[in-house]
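A note on names: the letters A, B, ... follow the listed sequences, proteins ahead of strands, and every chain is numbered from 1.
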Number of protein chains: 2
Amino acid sequence: MNSSRPVTIKDIARRFRCSPSTVSRALNDHPAINEDTRKNIQEYAKEVGYQRNEVSLSLLNKKTATLGVVVPTIGNYYETAVIEGLHTILQPLGYTLNICVTNENYLLEKEYLSKLLSNRTEGIFLSVSQETYDAGYYEHLESVIQRKTPLIFIDREYEDFETSRATVDDYHGAFAAVEHLLTIGYKNVAHLKGPNGLTVSEQRFKGYRDCLKKYDIPIREELIINTNFKVESAIVPTKRLLDLDSPPDAIFGVNDQVAIGAMRVILDRGLKIPGDVGIVGFDNSPISAYTYPSLTTVHRPGRKIGMEASRLFLNQLNGSGDFVHENIVLPTELIIRESSLRIS
Amino acid sequence: MNSSRPVTIKDIARRFRCSPSTVSRALNDHPAINEDTRKNIQEYAKEVGYQRNEVSLSLLNKKTATLGVVVPTIGNYYETAVIEGLHTILQPLGYTLNICVTNENYLLEKEYLSKLLSNRTEGIFLSVSQETYDAGYYEHLESVIQRKTPLIFIDREYEDFETSRATVDDYHGAFAAVEHLLTIGYKNVAHLKGPNGLTVSEQRFKGYRDCLKKYDIPIREELIINTNFKVESAIVPTKRLLDLDSPPDAIFGVNDQVAIGAMRVILDRGLKIPGDVGIVGFDNSPISAYTYPSLTTVHRPGRKIGMEASRLFLNQLNGSGDFVHENIVLPTELIIRESSLRIS
DNA sequence: AAAATTTTTTCAAACGTTTGCATACATTAT
DNA sequence: ATAATGTATGCAAACGTTTGAAAAAATTTT
């Protein structure tokens, strides 16, 4: 059993009866190294499977080439699209993404941030957890700020925090969705809302509300019911909506999952979509184009958000001390499909 | 502009005119430190936001408490469930998961593995990319083996590799799915297959094939068409199936996405599900319970796979040199829903 | 052959932390 | 007063690598 301690530069130096510096230089193609020495050392290194210890280099250079991505979940299409976008830009620059999933849990988020800092992560992309938002905690961010580690908020942000942000224009996306329903003749639009407090939920809700206002339609509180973004969480609320004395003739879901859940309940009642009830979702997840009926939805550019967030990070990194934080808001796009095509 | 170099133990030592050792001991509650000294130092450390540099510790202890999770994608429910399972077991033990997405790309997979080794990751969970599988490359794994870094295969494995594995019993899952279709009266079962070469694809295909054999049904090559797991990739193949002179009366999709795509095409043709065509998917993704009609599927225990894989890793870590690799195969479960309930 | 130049190699410090051992100081027992 | 004990701190090495400066070796020029 040869213990498998990784081969170090010192081991190689011993083997060639030279100093570690020589080995280091030989491996890095330093010009001031004899051609033969270089060749021999490189060959031997390859042979014994030498791999340089990046940990020691990190310590020396105070650079880890690692970035933290802290998100509440990776269960939805959107988050994975964001990660893909980050990846697209940052991987080629040599960065490793350390993806941390908080499960909407404040304590975990705090722990991850602390760990990322301890590991000298060079930047953090953060989409705060629901618990964090609910409780209004933010002390755990202080240390990130204090250490001047670039911090980029994704989507869910603290409004009173001085950092760069990349967000989707949820407000206008929601507005457009509801306006679309109203203009083709739906009168009573319900909203399956996201969890209270989260920016995405609230912005979409505002878009819904303001659009109704614009068309002089009174807000009916009973048409607004909370969900938790998951498909299951739409079932009971939709039933409640349909059981109302004056049920809605259209539903705007906070995301596609919820909209799909709602569709199911509606179809089960023998109602027609879009004939009896119109449906609009949010996200433009791949599945939304293939449900039956296909789902009208608001495209949310996750990949672009990831790429923009990367750009924000890079700007902040290269920026001077008095760097002004940027706030990117990407537009959404209404994708009209069958679930809202009223055959009048 | 105070440069934000992180506070070190040396800085604190200078401040208290003592040695770094004392500070280190004070911060770690070493008994041989004067109570006052300890208190003062700890207070000051907190005040200036000291956070110990884990990089230096990693170098010293040759421990990084980091594990690599290398997967082809995180876009599907299953993968995220696996990650959740890994997380559930390993996070409480202090491990950080470094999630690397290869996008089914061999070069990226290779680069990630090399980087993980360079960063002295203590273990690697690997689900090999399609390209890797296709090409039959495996040199990039040699260095992992050589360094004796625990390597756990998840689902997609090289059959000729000496490592621990956690896989789902795709074969029997597929078999059960097809048997279900046959026993309730479907005669011509088509299969929307996954990409060639991948274990999951091939095992499910084998289950399909062997089940037909068991029931003395001849294999019709034209009823087996490839997809790439994505919902879009099922559209054209399904159309082709329906256009056959003798079209299938049931379709077994390699996963839920593909099955959902197929359903859409079938419904668009005015055919009834399950009346005219029965459908079964694979994965039991959350959405499958809420499609219209709901989808019969094979439950794939992603979370459990993650937890079992963690266990395999821990066993290997604590195991002696002559550790025997384990091979865990978890059973699947057929979930019968509407899409295969023939109303005869 | 000595001096000047070029080429190649080594030395030593640095990154931040921990830890066994030595040392200094204070206290108690002789 | 001296020796023995106990308490608190410092020294130095170690982890693996890079790099400026010094040194050594080889080569060229005078």
Side-chain angles (χ1 to χ4, degrees), chain A residues 3-42 44-45 48-66 114-115 117-122 147, chain B residues 3-42 44-45 48-66 114-115 117-122 147:
Chain A
S3 118
S4 63
R5 185 177 61 82
V7 179
T8 74
I9 235 172
K10 286 185 186 173
D11 298 329
I12 301 180
R14 238 187 318 274
R15 159 75 173 65
F16 283 92
R17 293 211 180 84
C18 69
S19 75
S21 345
T22 305
V23 177
S24 170
R25 291 200 170 94
L27 292 173
N28 293 319
D29 290 324
H30 192 283
I33 286 290
N34 183 282
E35 185 61 16
D36 287 343
T37 325
R38 192 186 61 80
K39 216 177 249 171
N40 288 334
I41 289 181
Q42 286 191 355
Y44 180 75
V48 296
Y50 169 78
Q51 250 174 329
R52 95 155 163 282
N53 186 333
E54 293 289 345
V55 177
S56 76
L57 253 198
S58 293
L59 181 58
L60 186 61
N61 299 333
K62 297 158 177 261
K63 293 244 163 111
T64 54
T66 300
S114 155
K115 219 166 197 169
L117 287 183
S118 277
N119 287 326
R120 300 305 188 252
T121 299
E122 294 180 37
R147 273 267 285 289
Chain B
S3 118
S4 64
R5 186 177 61 80
V7 178
T8 73
I9 235 173
K10 287 183 186 174
D11 298 329
I12 301 180
R14 237 187 319 274
R15 160 73 172 67
F16 284 91
R17 293 213 180 81
C18 68
S19 76
S21 345
T22 304
V23 177
S24 171
R25 291 197 174 98
L27 292 174
N28 293 318
D29 289 326
H30 192 284
I33 286 291
N34 182 284
E35 184 62 16
D36 287 343
T37 325
R38 192 186 60 80
K39 216 178 247 170
N40 287 334
I41 290 181
Q42 286 191 355
Y44 180 75
V48 296
Y50 169 79
Q51 250 173 329
R52 94 151 162 278
N53 186 333
E54 294 289 344
V55 177
S56 76
L57 252 198
S58 292
L59 181 59
L60 186 61
N61 298 335
K62 298 157 176 261
K63 293 246 164 105
T64 54
T66 300
S114 155
K115 216 163 198 172
L117 287 183
S118 278
N119 287 326
R120 300 305 189 254
T121 299
E122 295 180 38
R147 273 267 286 288

Below the 4.0 Å mark, does [N] have OP1 or OP2 next to a side-chain nitrogen or oxygen of [X]?
{"X": "B:Ser56", "N": "C:dT17", "value": "no"}
{"X": "B:Lys62", "N": "D:dG16", "value": "yes"}
{"X": "B:Ser24", "N": "C:dT18", "value": "yes"}
{"X": "B:Asn34", "N": "D:dA8", "value": "yes"}
{"X": "A:Thr37", "N": "C:dT8", "value": "no"}

Check: With nearest nucleotides of DNA chain D determined for A:Val7 and B:Ile33 from heavy-atom distances, which residue corresponds to the more 5′ nucleotide?
Finding: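 Mapping each residue to its closest nucleotide by heavy atoms, the 5'-most match is B:Ile33.
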Item checked: Donor-acceptor pair, side chain of A:Ser58 and main chain of A:Lys63, under 3.5 angstrom -> yes
Next item on the list: Could you tell me whether the side chain of A:Asn28 and the main chain of A:His30 form a donor-acceptor pair under 3.5 Å?
Entry: no
Margin query: Set out, in order, the CA-CA distance, both residues' side-chain angles and the distance that settles side chain to side chain contact (heavy atoms under 4.5 Å, CB included) for B:Tyr44 and B:Ile12, then state yes or no.
Written below: CA-CA 8 Å; B:Tyr44 180 75; B:Ile12 301 180; 4.0 Å; yes
Counting only side-chain heavy atoms from C-beta out, which of [options] sits nearest to [X]?
{"X": "A:Thr8", "options": "D:dG16, D:dG10, C:dG16", "value": "D:dG16"}
{"X": "A:Lys10", "options": "C:dA12, D:dT9, D:dG16", "value": "D:dG16"}
{"X": "B:Asn28", "options": "D:dT18, C:dT18, C:dT17", "value": "C:dT18"}
{"X": "A:Arg25", "options": "C:dT8, D:dT18, C:dC11", "value": "C:dC11"}

Taking [atom1] from [X] and [atom2] from [N], how many angstroms apart are they, rounded to a whole number?
{"X": "A:Leu60", "N": "C:dC15", "atom1": "CG", "atom2": "P", "result": "9 Å"}
{"X": "B:Arg52", "N": "C:dT19", "atom1": "CZ", "atom2": "C1'", "result": "14 Å"}
{"X": "A:His30", "N": "D:dT18", "atom1": "NE2", "atom2": "P", "result": "11 Å"}
{"X": "B:Leu59", "N": "D:dA13", "atom1": "CG", "atom2": "P", "result": "17 Å"}
{"X": "B:Phe16", "N": "D:dG10", "atom1": "CZ", "atom2": "P", "result": "12 Å"}
{"X": "A:Asp11", "N": "D:dC15", "atom1": "CG", "atom2": "P", "result": "10 Å"}
{"X": "B:Leu27", "N": "C:dT17", "atom1": "CG", "atom2": "P", "result": "9 Å"}
{"X": "B:Arg120", "N": "D:dT17", "atom1": "CZ", "atom2": "C1'", "result": "11 Å"}

With heavy atoms under 4.0 Å as the rule, sort [X] into base, sugar-phosphate or nothing.
{"X": "B:Ser58", "answer": "nothing"}
{"X": "B:Ser21", "answer": "base"}
{"X": "B:Tyr50", "answer": "sugar-phosphate"}
{"X": "A:Arg17", "answer": "sugar-phosphate"}
{"X": "B:Asn61", "answer": "nothing"}
{"X": "A:Thr22", "answer": "base"}
{"X": "A:Leu57", "answer": "sugar-phosphate"}

Next item on the list: Step by step, work out the salt bridge (charged side-chain N to carboxylate O under 4.0 Å, His left out) result for B:Arg14 and B:Asp11.
Entry: CA-CA 5 Å; B:Arg14 237 187 319 274; B:Asp11 298 329; 2.8 Å; yes
Margin query: Nearest 0.5 Å, please: how far is NZ in A:Lys62 from CZ in A:Arg120?
Written below: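 One finds 8.5 Å between CZ of A:Arg120 and NZ of A:Lys62.
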Check: Does the side chain of B:Thr22 come under 3.5 Å of the side chain of B:Ser19 through a donor N or O and an acceptor N or O?
Finding: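 On atom types as modelled, these side chains qualify, holding a pair under 3.5 Å.
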